[in-house]
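I have placed the structure first, in the form of structure tokens, so that the comments after it can refer back to it.
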Amino acid sequence: MGPQYRTGLGWDVHRIVSGRPMILGGVHVECDFGLEGHSDADIVAHAITDAILGAACLGDIGMHFPDTDAQWKGADSLKLLAHAVLLAREAGYDVVNIDTTVILERPKLKDYRLRIRESLAACIGIALDCVSVKFKTAERVGPVGEGRSAEAQAIALLIRR
Ligand code: C5P
Ligand code: MG
């Protein structure tokens with residue numbers, strides 16, 4: 001039997017474009033630009049999905065949800081995240097907690113923190129105080145800092161049932 005605790009790391013990046021929505025952790029952020037992608041381009045959901053898959057040693061998001069698969073085209077990324085939680089559960093693991101950082105130059109996201117945490121907690125099926133969401137700018141440096149892309153990092157802790 002494997003170890004009782006497992007951690008996993010996730011990261012995602014999407015281009016910033018006009019005429020697309022900005023969805024972070026399943027929450028629509030008011031903004032005059034959005035994120036490009038095959039799905040809804042929810043970098044937070046994608047990074048957490050990879051963190052959970054990673055912790056359970058179940059590969060990565062592209063392996064389970066290929067962007068060539070019509071089933072996932074335009075998909076609500078919370079569905080992918082919920083499916084990753086299910087896969088981890090089938091492998092014998094429950095999610096303990098999640099921590100995530102969104103790196104985006106603008107807009108300010110702190111007023112969305114609680115809504116994003118609530119959305120993720122409901123999707124993953126864990127308590128609100130087990131979901132942390134943090135925000136950072138890139139100090140105007142690099143593609144994120146120049147407003148050309150947005151990134152999210154995530155870490156997940158799983159416990160064996
Ligand atoms: O990147 P920086 O250290 O300047 O961020 C300062 C604070 O601004 C962060 O701790 C976060 O609370 C907030 N922030 C935000 N939305 C962003 C970037 C940062 O609310 N897009
Ligand atoms: Mg993505």
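All values below were derived from every heavy atom in this structure, side-chain atoms included, with hydrogens, water molecules and symmetry-related copies excluded. Count residues from 1 along the sequence.
- The side-chain heavy atoms of Val133 and Val44, taken from C-beta on, include no pair separated by under 4.5 Å.
- A pairwise comparison of heavy atoms in Ala56 and Arg6 identifies C-NH2, 4.4 Å as the closest pair.
- Of the inter-residue distances, the one linking Ile155 atom CD1 with Asn97 atom CG reads 8.5 Å to the nearest 0.5 angstrom.
- Other residues, nucleotides and ligands place no more than 12 heavy atoms under 6.0 Å from the CZ atom of Arg15.
- In this structure the side chain of Leu24 reaches within 4.5 angstrom of the side chain of Met22, judged on heavy atoms.
- Hydrophobic cluster membership differs between Ile16 and Ile23, with clusters built from Ile, Leu, Val, Met, Phe, Trp and Tyr side chains linked at under 4.5 angstrom.
- The aromatic rings of Phe65 and His83 sit perpendicular to each other, their planes meeting at more than 60°, with 30° as the lower class boundary.
- To the nearest 0.5 Å, atoms OG1 (Thr137) and NZ (Lys108) are separated by 6.0 Å.
- Residues Glu151 and Trp11 are in side-chain contact: their nearest non-hydrogen atoms beyond the backbone lie under 4.5 Å apart.
- Taking every heavy atom of both residues into account, Val96 and Leu158 meet most closely at CG2-C, 4.0 Å.
- Defined by atom type and a distance below 3.5 Å, a donor-acceptor pair is present between the side-chain atoms of Thr101 and Lys134.
- Considering only heavy atoms from C-beta on, Asp94 comes within 4.5 Å of Arg89 through its side chain.
- Hydrophobic clustering places Phe33 together with Leu35 (ILVMFWY residues linked when any side-chain heavy atoms are closer than 4.5 Å, directly or through intermediates).
- Around the CD atom of Glu90, the shell of radius 6.0 Å holds more than 12 heavy atoms that belong to other residues, nucleotides or ligands.
- Under the rule for a ring-ring contact (aromatic ring centres under 6.0 Å, His included), His64 has no partner lying at least two apart in sequence or in another chain.
- Remark: Ser119 OG to Ile124 CD1 distance equals 9.0 Å, nearest 0.5 Å.
- When all heavy atoms of Glu105 and Arg140 are compared, the pair lying nearest together is OE2-N, 2.9 Å.
- One distance of note links CG of Leu81 with CD1 of Ile52; it measures 5.0 Å at 0.5 Å rounding.
- No single ILVMFWY cluster, assembled from side-chain heavy atoms under 4.5 Å apart, contains both Ile48 and Leu58.
- The backbone N or O of Ser132 lies less than 3.5 Å from no partner atom in the side chain of Arg117, so there is not a single donor-acceptor pair.
- Separation of atoms OG (Ser18) and CD (Glu36) is listed at 10.0 Å; rounding is to 0.5 Å.
- For the side-chain hydrogen bond (donor to acceptor under 3.5 Å, both in side chains) with Ser77, the lone residue among Asp12, Thr49, Asp40 that qualifies is Asp40.
- Rounded to the nearest 0.5 Å, atoms OH (Tyr112) and NE2 (His28) are 8.0 Å apart.
- For the pair Val13 and Ile43, the minimum side-chain heavy-atom distance is 4.5 Å or more.
- Taking both residues in full, the closest heavy atoms of Lys110 and Phe135 are given as CA-CE1, 3.7 Å, listed atom of the first, atom of the second, then distance.
- Closest approach of Ala41 to His46, counting heavy atoms only: CA-CE1, 4.1 Å.
- Put simply, Leu120 and Ile126 are part of the same group of oily side chains (I, L, V, M, F, W, Y) that touch within less than 4.5 Å, one to the next.
- Hydrophobic clustering places Ile116 together with Ile98 (ILVMFWY residues linked when any side-chain heavy atoms are closer than 4.5 Å, directly or through intermediates).
- Among all heavy-atom pairs drawn from Leu78 and Gly26, the shortest one is CD1-CA, 3.8 Å.
- The side-chain heavy atoms of Gln153 and Ile103, taken from C-beta on, include a pair separated by under 4.5 Å.
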